[in-house]
2 protein chains.
Amino acid sequence: MARKTGSHSDITGPRVREAALRLFAEHGFAAVSMRQIAKEVGVQAGALYLYTPDKQTLLFDLLADHMRAVLAGLAEVDMSGGPVAQLEAFSRFHIRFHLARPDAVFISYMELRNLSEENFAKLGEMRREYEDALEGILVAGQHSGEFDVDDTKLTTLALISMLNGVLTWYKPDGRLTLERVEAIYSDMVGKAVRLTPV
Amino acid sequence: MARKTGSHSDITGPRVREAALRLFAEHGFAAVSMRQIAKEVGVQAGALYLYTPDKQTLLFDLLADHMRAVLAGLAEVDMSGGPVAQLEAFSRFHIRFHLARPDAVFISYMELRNLSEENFAKLGEMRREYEDALEGILVAGQHSGEFDVDDTKLTTLALISMLNGVLTWYKPDGRLTLERVEAIYSDMVGKAVRLTPV
DNA sequence: GTCTATAAACCGATAGAC
DNA sequence: GTCTATCGGTTTATAGAC
């Protein structure tokens, strides 16, 4: 099990990704240099190219990993109830999951334009899979007569925008607990699609 | 009224700002060079410094002008009705105004971190003034018993996030007219804060 | 696996000619 | 008002020593 001095492939790789994620979120992809990332990790710039073929692929891998985690997390959410319960479960999951990974969410919405057309398309597919899950709930609720949604696709995007907005202000040590934020947002989401009382 | 050849201060200035706005929105502030902006305008890089002391001030001026325009536009909206009518007027104004200036809105939310602390604070004040206008409507509706809002500050931010979301997908030649988008969004906003039927 | 050194290009901003 | 030229510094990525 002896290991050569200076050989840290198994730990340097993750550390490169963590540093890149943090720095990209803080300063933006274009504003962060490979030298800054290397300095954060504690290696020289040249060593980074052992873990990524280039800077843009490093970004793409971070975004793709995040989307995979989002979809995997959603798959574990209990969706056994009806549309109303499902919509609340989705809203609460979205808030909770995204607040736990603010950096990844931030760059997922900010740095898409720094991807190649091909990589952009790949991420678009994954994002659409997530949106389709929400739209499916809205459609089900519409058919069951529990929801009044004018345009399910548009409403899906509007609700996700609203839920994402939590990232722009939430601070873990703020005046509101995570549970309360989840409750308020899922309540607003529920109301926004509910049948109007006549 | 004769003008010296090569003297175009009155038209080059606006052209610099237009080019910068477009390029910042497309590629991001950090990714755009002064040389790119100059090329777009049709002058040499050095000439840009006749119109801005530096790159960051150019960004700030674009953002500040935009926020001034937003506040001026809001001031002209008819707010003579009650809270319900005011909320619809605000929502429709927001959608309409922002969809007409997608580039300015985009960089207003993306490039704040590239401002100095001082310039960031100035913009924050203006943005807060806009948010306060919406929160005032929510508070009024809460007092009149027409709205059921859990936390007016949080709800304000959530509604603005939802309204801003329209920018991520709206295309002027898409399947929905501007009027219809306005109607759908203002309807969702209205429902999200409305009293829950018992 | 990491280092140093380097290539080739680009950056923001300024000085001075016209 | 705009140009050319330039300063001093940065960038991504690679080559080769260890």
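Throughout, protein chains are lettered first and strands after them, A, B, ... in sequence-line order, and every chain is numbered starting at 1.
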message = Can a donor-acceptor pair be found, under 3.5 Å and without considering hydrogens, that links the side chain of A:Arg113 to the backbone of B:Ala25?
response = yes
key: Any residue of residues 15-34 of chain A with a heavy atom less than 4.0 Å from an atom of DNA chain C   = none
ask   = What integer distance in Å separates A:Leu48:CG from D:dT14:P?
value = 13 Å
inquiry  = In this structure, how many angstroms lie between the P atom of C:dG12 and the CG atom of B:Asn114, rounded?
reply    = 12 Å
d(CD, B:Gln44; P, D:dT2) in whole Å = 11 Å
query = Hey, are A:Ser116 and A:Glu118 close enough side-chain-wise for a donor-acceptor pair under 3.5 Å?
reply = no
Whichever hydrophobic residues join A:Phe106 through chains of side-chain contacts under 4.5 Å = A:Met110, B:Phe106, B:Met110
ask   = Can you list the steps and then say if A:His94 with A:Tyr130 is a ring pair (Phe, Tyr, Trp, His ring centres under 6.0 Å)?
value = CA-CA 10 Å; A:His94 188 98; A:Tyr130 187 69; 5.6 Å; yes
task = Can you sort out the partners of B:Glu179 under side chain to side chain contact (heavy atoms under 4.5 Å, CB included), two or more places apart, ordered by chain and number?
result = B:Arg92, B:Thr177, B:Glu182, B:Ala183
key: Test item: A:Thr168 side-chain N/O and A:Gly165 main-chain N/O as donor-acceptor pair under 3.5 Å   = yes
query = Rounded to the Å, how far apart are B:Lys39 NZ and D:dC3 P?
reply = 14 Å
query = Just how far, in rounded Å, is P of C:dT2 from CD1 of A:Ile11?
reply = 8 Å
5′-ward residue of the pair A:Gln56/B:Ala45 relative to DNA chain D = B:Ala45
